[in-house]
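No hydrogens, no waters, no symmetry mates; every other heavy atom, side chains included, goes into these values. Every number for a ligand or one of its atoms is a count from 1 in the order of the listing. Treat the numbers as computed from the prediction; the structure is a model and nothing was measured.
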Amino acid sequence: MSQTYPVNAEFSEKAYLNESQYFEMYQRSINDNEAFWAEQGKRVDWIKPFTQVKDVSYARDDLHIKWYYDGTLNVAANCIDRHLADKADQTAIIWEGDDPSISKNITYQELYDEVCRFSNVLKKLGVEKGDRVTLYMPMIPEAAYAMLACARIGAVHSVVFGGFSADALAGRITDCESKLVITADYSLRGGKKIPLKQNVDAASEKEGVKDYLESVLVIRNSGDEVDWNSTQDYWYHELAKDVSADCPAEEMNAEDPLFILYTSGSTGQPKGVLHTSGGYLVYASLTHQYVFDYHPGDIYWCTADVGWITGHSYIVYGPLANGATTLMFEGVPNYPDSSRFWQVCDKHKVNTCYTAPTAIRALMREGNELVKSTSRQSLTLLGSVGEPINPEAWQWYYDVVGEQRCPIVDTWWQTETGGILISPLPGATPLKPGSASRPLFGIQPALVDGEGNELEGAVDGNLIMRDSWPGQMRTVYGDHQRFIDTYFSTFEGSYFTGDGARRDEDNYYWITGRVDDVLNISGHRMGTAEIESALVAHHLVAEAAVVGYPHDIKGQGIYTFVTLNAGVESSEALEKELVQWVRKEIGPIATPDIIQFAPGLPKTRSGKIMRRILRKIAENEFSNLGDISTLAEPAVVDDLINNRKSQE
Ligand code: 6R9
């Protein structure tokens, strides 16, 4: 068992909450739930104050989740306008370019002007309240402007990660029927250019996209040439030339949609996770304040991309709702070299650095010298998100990066939860390396067995949530039944997270990973079914099965078993072709690490692929295959074992 680190006394002195204050506030949030959330609702400015706090039913035949639902507000006004009185000249966003010589500071006043201009450009293009707008953007300030501009005029943004392919983008445009895509000519990462506009062009040629897509708004970022379609494409800088830097903020109901964000599930099609306005903002603001113990003047940096939920809640909405200074980084951890993160910390005097285990592991592999070449004296708090952090990586982060001075908040949450649900509070929670520790306010985690029976004490089980919280997703866009089936059917009356967890004798939670067919590759969710359907779409592939296996840097790697059509010979060239094929179909994050050609896959007599067996083979655990007597053809297992490929 690893050691426990007591609460850092110096940190605790200055923190909002110490340990007993956390317990007291947590108890109140559970015992007097509505009163607690009514009070927290005041952290945002309402146009019409709410009188109703919560209307939630997790019952399958009447599933609904509503918070603050008779109140009205505008999210962008909460993130910008209300800070102008005392923070107009304070930096809202520090932007650090991919090129280390380029950065800029954007004050709250400048943010106001930019977002209003952007809003007016959207209006010029005919975007109205309730319309969906897809963003396919680099990590540049315009990504935040565009999100906030949508929020300002009541449009619903759907940010698609810039690393996704044209195909993946097309599917996400048609699913939510976007009439506008906002993109840039190119994005820049680690000195390499990614042709975003070209991908949008390719996406707009895909089936069904033109039924909805009317215009493409392009930010000039790299300045390189791009193809131009004069009936559809608009340069942002041209439209922005003659618009006003004032734009009224639309009055929105608390339950009006704020954004859609697609995420992988255990079936093929990504789900459009829908978040609404009031509750989401209250929750993002609350968690950002307490988990990062954010005080005015602190410089806060979350290294995520705005294409993921972490970027939404903890680069843009949470920090800006709190009037914080939030750093946005265009680049990657290892460019120009692997000290970049710490160089950025020194350059901008960053106090809080919130990143992912996969980045920590990759930097750890480069050794301590690069870290030690930087000062990092401004850092007081470190954070982790996206996947379980292994104790070795935690220890390195704590000892080497934070010099044992900075608490680490290991924050567990999901796209669906909108904000952090389980995490240490830096001034309140003794730390155990690898544990996300305790629930935040109003959060009631429980562990259940496969039948849904609640498990007590120190035990392993499926992680569920008993009650709602304001930041919870409200539905799957366009498919409420899928929302109910995915999250509220496995364990009646509770929200099922899809994760397994262990609770220890101190009531700390240790997330063990997904219990469904969702992989976690470098902290990014990838459904095995999505990769399988991409492979099967190749004309030489008959069948494919995808499982995860332990990977040193990425946490999990992608192991694919592929059966070719009869008469097709396997070859190294075909292997390479299939890898490229998946990258083109989904994007580089879905790149298979291993392709094993298999004449047959292990199946039950009813034809179901036995993934349990494939997982064991991928994990190199042949002695422990379990019962294979129910297989239609047990002999295929020997062939799979004999031809297992190992990680290079
Ligand atoms: C925020 C985010 C969600 C899945 C989640 C879990 C894993 C996230 C974690 C963690 C262990 C942590 N996960 N944070 N596992 N410890 N601190 O990552 O959202 O992309 O939707 O992924 O990531 O498996 O279910 P999302």
**Study point:** Cation-aromatic face contact R438/Y26, 6.0 Å, 45 degrees
**Key:** no
Salt bridge between [X] and [Y], side-chain N to carboxylate O under 4.0 Å?
| X | Y | answer |
| --- | --- | --- |
| R340 | E96 | yes |
| D517 | R615 | yes |
| K554 | D593 | yes |

Element-labelled atoms of ligand 1 that are located less than 4.0 Å from some non-hydrogen atom of [X]:
| X | result |
| --- | --- |
| V385 | 1 (C) |
| I309 | 1 (C), 19 (O) |
| I511 | 11 (C), 15 (N) |
| T411 | 9 (C), 12 (C), 14 (N), 17 (N) |
| N520 | 7 (C), 23 (O) |

Review point. Does W308 reach ligand 1, in the sense of a heavy atom lying below 4.0 Å from it?
Key: no
Practice item. Determine, considering heavy atoms only, which of R525, Q414, H524 sits nearest to atom 22 (O) of ligand 1. Key: R525
Review point. Which of these, Y477, Y495, F488, sits in a ring-ring contact (aromatic ring centres under 6.0 Å, His included) with F483?
Key: F488
Check your understanding: Mind checking whether Y290 and Y16 have parallel, tilted or perpendicular rings, split at 30° and 60°?
Key -> perpendicular
Check your understanding: Side chain, backbone, both or neither: which part of P388 has a heavy atom under 4.0 Å from ligand 1?
Key -> both
Review point. Applying a 4.0 Å heavy-atom criterion (strictly less than), which segment of T415 is in contact with ligand 1: side chain, backbone, both, or neither?
Key: both
Would you say ligand 1 has an N or O under 3.5 Å from any N or O of [X]?
| X | value |
| --- | --- |
| R514 | yes |
| D499 | yes |
| D410 | yes |

Revision key, fill the gap. Atom 3 (C) of ligand 1 sits nearest the protein heavy atom W413 O, 3.6 Å
**Study point:** Protein residue, atom and distance nearest to atom 8 (C) of ligand 1, heavy-atom basis
**Key:** G386 C, 3.3 Å
